[in-house]
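Below is one structure, written out as structure tokens; comments come after it.
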There are 2 protein chains.
Amino acid sequence: MKAETTRTRVIEEGLQTLSQGGLAAVTIGRLAEATGLSKSGLFAHFRSREALELALLDETVRLAWRNVVEPAMRNPEGLPRLMALVGLWFGWSSRAGLRGGCPVAAAMFELDDTPGVVRDRVAELDEEWRRLLHAQVRQAIDLGHLHADTDADQVVWELRGIYLAHHSTMRFQRDPDADRRAQTALVALLQRCGADPANL
Amino acid sequence: MKAETTRTRVIEEGLQTLSQGGLAAVTIGRLAEATGLSKSGLFAHFRSREALELALLDETVRLAWRNVVEPAMRNPEGLPRLMALVGLWFGWSSRAGLRGGCPVAAAMFELDDTPGVVRDRVAELDEEWRRLLHAQVRQAIDLGHLHADTDADQVVWELRGIYLAHHSTMRFQRDPDADRRAQTALVALLQRCGADPANL
DNA sequence: ATTTAGTACGAACGGTCGTGCTATTTTGCA
DNA sequence: TGCAAAATAGCACGACCGTTCGTACTAAAT
């Protein structure tokens with residue numbers, strides 16, 4: 001099964017391209033050249049461009065899980081875990097070794113009017129992520145780390161806003177202040193929900 | 001000068017395409033077909049694809065100015081004008097007659113790793129917009145509508161986050177709750193800066 | 001030892017892309 | 001009304017797109 005090696009190489013290379021230039025930049029020709037394969041040789045591994053894109057999304061999930069979710073889950077439930085999760089989330093793609101930005105965020109803006117299987121998958125990932133965030137906020141509320149009347153959905157929504165602002169500040173403006181600004185916004189959001197400032 | 005008419009028609013059609021599918025979707029062939037021109041006939045108006053893209057960005061600015069900035073400026077200085085500006089900003093593209101999302105927001109995510117004149121222009125627009133927002137926040141502070149120690153840059157940064165979250169909620173998830181969530185976040189942000197709740 | 005499956009290649013397909021060059025039509029003015 | 005100029009069409013180009021095909025070579029299964 002030498003294919004596994006090759007496939008992995010292709011997907012790793014493709015993930016970098018996806019991260020830097022979005023889905024549109026992942027063409028079979030360029031990917032073949034970058035990996036030293038022929039177009040048809042590479043194509044045989046996926047049998048369609050759509051399948052390649054889905055494979056790349058899957059790999060993105062695995063990467064994010066390893067780099068964000070798993071380490072965050074090692075923290076105690078409630079606010080500490082939420083803080084860890086969000087802290088690992090913001091800017092995770094560079095720490096995961098990607099030379100560009102978050103593939104899912106980019107895909108969301110790229111596909112907002114392009115129906116299809118890939119868009120559907122991205123929507124799924126986004127929803128799963130929101131659910132994960134929601135669960136942590138919920139737990140923080142239940143444990144009394146946040147006000148009982150906190151609107152968890154609103155908190156998740158605003159966290160996404162901070163993430164997107166961080167993403168675009170970092171990747172488009174290339175302003176490293178993004179981290180500080182995001183941290184400030186995060187602390188303000190959680191304090192508004194009654195978090196003890198000492199735990200932020 | 002029949003050209004003016006035709007050019008206007010092309011740009012209007014192109015703006016819809018740009019709004020719905022991003023810069024990548026604006027191809028000379030498709031645009032020619034949509035306007036009933038020949039590829040070369042349309043091409044003659046702009047002499048390069050880059051020039052066409054820049055022309056579309058210019059038109060976006062004119063549209064945003066008419067639909068967002070001008071009406072907002074008719075409000076009294078300080079917090080009222082800031083509130084009007086932000087209110088007109090969120091979701092402005094649909095109210096301006098575009099069938100898709102904000103062209104600038106989409107371009108920012110599309111071009112984050114693609115250097116060139118177009119990217120530079122988008123960066124300029126983004127910066128000008130932040131300056132405009134900043135000026136309004138600044139004025140609200142000077143007029144005592146917001147706390148004197150308010151960090152105007154931070155406010156602008158978070159406003160952008162709310163805008164992006166609103167944009168993606170509306171256009172990708174197609175969730176009309178976006179308006180309510182954005183309003184909630186906006187009110188919270190301004191209250192944190194000492195705005196009188198009666199004026200929100 | 002022979003068949004089978006996996007892996008990769010080169011060539012070619014119909015399309016679309018942006019961009020030139022040269023006609024032809026249409027327009028606005030003397 | 002005639003004519004120069006402006007506006008548009010027609011056609012061709014090279015490049016790249018995703019995809020298919022036929023064909024090797026290799027490793028595993030029979």
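Computed from a predicted model, the values in this text were never measured in an experiment.
- Side chain to side chain, A:R181 and A:T169 fail the donor-acceptor criterion of an N or O pair below 3.5 Å.
- For A:A25, the side chain to side chain contact (heavy atoms under 4.5 Å, CB included) criterion is met by A:T17, not counting sequence neighbours.
- Close to C:dG6, at under 4.0 Å from its OP1 or OP2, lies no side-chain N or O of A:H45.
- A salt bridge is absent between A:E70 and A:R74: the closest approach of a Lys/Arg side-chain nitrogen to an acidic carboxylate oxygen does not fall below 4.0 angstrom.
- Two end axes, each from the C1' atoms of five base pairs, can be drawn for the helix from C:dA1-D:dT30 to C:dC29-D:dG2; they diverge by 20°, to 10 degrees.
- For A:R47, the CZ atom is loosely surrounded, since the number of other residues' heavy atoms within 6.0 Å does not exceed 12.
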For nucleotides 22-24 of chain C, which of its nitrogen or oxygen atoms have a protein nitrogen or oxygen under 3.5 Å away, and what is each distance?
none

Which letter, B, S or -, goes with each nucleotide of nucleotides 10-21 of chain C from 5' to 3', with contact meaning a protein heavy atom under 4.0 Å?
B------BBBB-
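- B:A44 comes within 4.0 angstrom of a nucleotide base, judged by non-hydrogen atoms across all strands.
- Applying the side chain to side chain donor-acceptor pair (under 3.5 Å) test to B:W89 and every residue at least two apart in sequence or in another chain returns nothing.
- Geometric assessment of A:R119 against the ring of B:F172 yields a positive cation-pi assignment under the 6.0 Å and 45° thresholds.
- D:dG10 atom P lies 14 Å from atom CG of B:L42, rounded to whole Å.
- Considering CG of B:L200 and CG of B:L79, their distance stands at 6.0 Å, rounded to 0.5 Å.
- Atom-to-atom, CG of B:L37 to C1' of D:dA9 comes out at 10 Å; the value is rounded to the nearest Å.
- Checking A:D196 against A:H145 by side-chain atom types alone, no donor-acceptor pair falls below 3.5 Å.
- For the pair B:F46 CZ and D:dA7 C1', the computed distance is 13 Å after rounding to whole Å.
- Salt bridge status for A:R130 with A:D126: present, with a side-chain N to carboxylate O gap under 4.0 Å.
- Listed by chain and number, the residues in a side chain to side chain donor-acceptor pair (under 3.5 Å) with A:E158 are A:Q154, A:R192 (sequence neighbours excluded).
- In this structure, B:E33 atom CD and D:dT8 atom C1' are separated by 17 Å, rounded to whole Å.
- A salt bridge is absent between B:E128 and B:R131; no separation between the charged side-chain nitrogens and carboxylate oxygens falls under 4.0 Å.
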